[in-house]
Student: 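Attaching a single structure in structure tokens format; questions to follow.
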Amino acid sequence: MSRTALRICPLCEATCGLVLTVDDGRVTGARGDRDDVFSKGFVCPKGAAFGAVDSDPDRLRTPLVRVDGELREATWEEAFDAVAAGIRTVAERYGPDSVGVVLGNPNVHTVAGALYPPVLLAGLGTRSLFTASTVDQMPKHVSSGLLFGDANAIPVPDLDRTDHLLLIGANPLESNGSLCTAPDFPGRLRALKARGGTLTVVDPRRTRTARLADRHVAVRPGTDALLLAAMAHVLFDEGLADPGDLAPHLDGLDELPAALADFTPEAVAGACDVDAAVVRTLARELAAAPTAAVYGRIGSCTVPHGTLASWLVDVLNVLTGNLDRPGGALFPQAATDRTPRPAGPGRGFALGRWHSRVRRHPEAKGELPISALAEEIDTPTDEGEPIHAVIVVAANPVLSAPDGERLDKALGSLDFMVSVDPYLNETSRHAHVVLPPPPPAQSPHHDFAFNTLAVRNQVRYTRPAVPLEPGRMAETEILARLVLAATGMHGADPAGVDALVIDRTLGKAVKEPHSPVHGRDPKTLADLLTGENGPERRLDMMLRLGPYGDGFGADPDGLTLQKLLAHPHGIDLGPLRPRLPQPLRTRSGKVELLPEPIAADLPRLRAALDERPGGLVLVGRRHLRSNNSWLHNVPVLTGGSNRCTLHLHPEDAERLGVRDGEPVRVKGAGGEVTAPAEVTDTVRRGVVSLPHGWGHDRPGTRTRHAAADPGANVNQLLDGGLLDPLSGNAVLNGIPVEVAPLTAAVTETFEALT
Ligand code: SF4
């Protein structure tokens, strides 16, 4: 029997509403939900392929447990018994930090990934946390932490109202947006142009987004911070800096001109390979626009000065008076945000509260750089125990972290490893236990993380579109049981994890004077919660305590889970609104424009004024039908432009003797890979580009389609040594590489051997 069901798409950050066609319990089609309050019917090729993603025959159906060196199918009881024995043995013998936790980015695309890892980390007491953030957006978290006192307070461009948008290192026509949740990002950019606005794109590649722009500046990779600093310099130099109504909320404004004095357009022009006149024009256009927003993304984060570039993005928004105003860059207010507290000084943001054991990398936002994971496992020191056991939740760092070869070996040497993963992939193949979550159609969905980054305030929730198949366990229950098994409570009722969180959260809320439940009895409040299970009761609690919530009866018109369920296409909560100073958590209670760690890092940026790469440098790229390493096993999403080829400019190709379509060898500090050349003038001279997430050619995996066309693992070109020091983020863009036709490379190797 055929029916339809609603499901929010989890396949990228845009969070589109989908209408799934379900035949006999199987998803056979997906289209955009025209009634969705946010996405209004938009769907991209990934979302349209939801059924194929959901029914991939290579998805694991049962847990796997390693016996006599081999992974064998097992019962859930056997699997959790093995997890409890493996993790507890290591934790009790070597201490909590000897258990590493690795969280991949799919965690922010699931209800379970949002609700349980914090409980797991608190229960384990480990400081060995590594996530995908340090190969992605950690610089933005750090700059937000330093500027606003809250690493998660990230202003997003007001796409639908701005007059002028400057994108740097972002390609939303392929990514559909990141750290800026906006279904139909391409349509919103076209609407900006249609209403007379202007779009400027700064990117070393002439991407699809750049082709849409009024102005494309092909900056040299890795020099974004220099370009942005020079723009800020121009604003001061030409008397264009005018924060307007923001002025009372700012601290450090007077010190900024001196801090940026050396970064004149003329001084940065050589390093950026951008004319000084262009830099001045960019700054003047930004200042002259009625409203404007600067938005930086992965290309500006995964570079040696990622935190400085992220900081300067918001400095420019401040200096042009565009932070926290309609049409500028605003702080979203999600329905599950904590109860807004009164404005005032906060605890501030600290970096380096602890350090990694081997190379003493400072923690940022409670995390150590994922570039350091391999050495934290394979390198003994006198400073404490290496990591002996790892809990991996939805992560494939063998492909997504630098130097996958070394990490591959390191994971293989662990005393114990458990992976929560639907696939036996390059990372989970090392696990002693694999716990497979059900396909997405069998899970509920709410975007806890992405609603805090959305260009419009709204709230949506979809229950599982199809029931759990026999033998499956809900992802929320898998993670709740993992918490129990790993923290010495194996065998306890998994519902107790949710009850504990509810108990603690309400217990804290009733003590907060600004809370709508101040002074009430937490047990009585808990009894008021609705929902079919623990995760739903937790969602109900968060909604009711949140900024639009009913406050457990204090505002009868406010949000509850029941109200949300009565609106299956979501509830629109209106456009983004100015919120300062309420979101600020700095010690001063102001936007701290020149925090000490930033000021201390500026000499490093000054030194970069004289740097010029001698040869080719590598950048990444994104495809519309891909998302990291997730979707390469889905035939309908591979092929065409979604292929792992090396883009290089025709003049570079000619100089190197490389012909289009022929294989080339690419060599970096961490190793070398082979990929077919794609000669194209969409990259600037001196720059080559490979997409990431490929390299599905290791033995012992069970992703048959991906293995048939594995591609090259670009991260193998990195040795893990290049980091943005403030955030610990890996440098993935602008890294020096050598490229040679494979035939020449083979000859060279042969000659070296003979
Ligand atoms: S844009 Fe993202 S959320 Fe929307 S359908 Fe495509 S993959 Fe899904």
Side-chain angles (χ1 to χ4, degrees), residues 4-21 27-56 104-111 113-114 136 156 159-160 170-191 207-209 212 297-298 332 334 394 439-441 443-456 458-462 465 569-570 622-638 640-642 691 693:
T4 59
L6 300 177
R7 174 56 154 98
I8 302 164
C9 180
L11 299 178
C12 86
E13 298 184 33
T15 73
C16 301
L18 301 178
V19 180
L20 305 181
T21 305
V27 179
T28 54
R31 59 180 163 83
D33 175 12
R34 279 193 289 272
D35 297 320
D36 184 283
V37 295
F38 194 25
S39 60
K40 299 186 186 327
F42 180 78
V43 67
C44 84
K46 289 198 290 284
F50 184 99
V53 173
D54 204 64
S55 60
D56 183 346
N105 90 322
N107 278 288
V108 282
H109 294 260
T110 66
V111 167
D136 193 340
V156 301
L159 287 187
D160 299 337
N171 184 11
L173 260 73
E174 299 281 1
S175 70
N176 283 315
S178 175
L179 295 189
C180 175
T181 289
D184 194 13
F185 208 128
R188 291 172 198 262
L189 293 185
R190 290 190 188 99
T207 60
R208 285 178 61 215
T209 309
L212 192 68
R297 201 43 289 269
I298 194 153
S443 296
H445 197 81
H446 172 76
D447 284 294
F448 289 97
F450 298 127
N451 285 346
T452 69
L453 299 160
V455 297
R456 193 169 173 94
Q458 38 67 46
V459 58
R460 294 162 298 153
Y461 174 64
T462 48
H569 306 283
R622 182 75 183 257
H623 286 142
L624 179 58
R625 287 181 297 145
S626 185
N627 191 350
N628 305 325
S629 63
W630 307 5
L631 300 170
H632 297 153
N633 204 50
V634 182
V636 72
L637 293 175
T638 55
S641 65
N642 184 15

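Numbering of ligands and ligand atoms starts at 1, following listing order. We count residues from 1, following the sequence as given.
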Student: Indicate yes or no: does R456 engage D160 in a salt bridge with an N to O separation below 4.0 Å.
Tutor: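 D160 and R456: not salt-bridged.
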Student: Verify whether one side chain among N628 and N105 offers a donor that lies under 3.5 Å from an acceptor in the other.
Tutor: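 Side chains of N628 and N105: pair found under 3.5 Å.
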Student: Using the test side chain to side chain donor-acceptor pair (under 3.5 Å), find all partners of N176 that sit at least two apart in sequence or belong to another chain.
Tutor: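 Testing N176 for side chain to side chain donor-acceptor pair (under 3.5 Å), a comparison that skips the adjacent residues, returns none.
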Student: Can you sort out the partners of A114 under side chain to side chain contact (heavy atoms under 4.5 Å, CB included), two or more places apart, ordered by chain and number?
Tutor: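 Applying side chain to side chain contact (heavy atoms under 4.5 Å, CB included) to A114 gives F448.
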Student: Is a side-chain donor-acceptor pair under 3.5 Å present for S175 with R297?
Tutor: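 No.
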Student: When you check the space around atom 2 (Fe) of ligand 1, which protein N, O or S atoms turn up under 2.8 Å?
Tutor: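 Atoms qualifying: C12 SG.
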Student: Please enumerate all residues that pass side chain to side chain donor-acceptor pair (under 3.5 Å) together with R7, with sequence neighbours excluded.
Tutor: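 Partners of R7 by the side chain to side chain donor-acceptor pair (under 3.5 Å) criterion, ordered by chain and then number, come out as H445.
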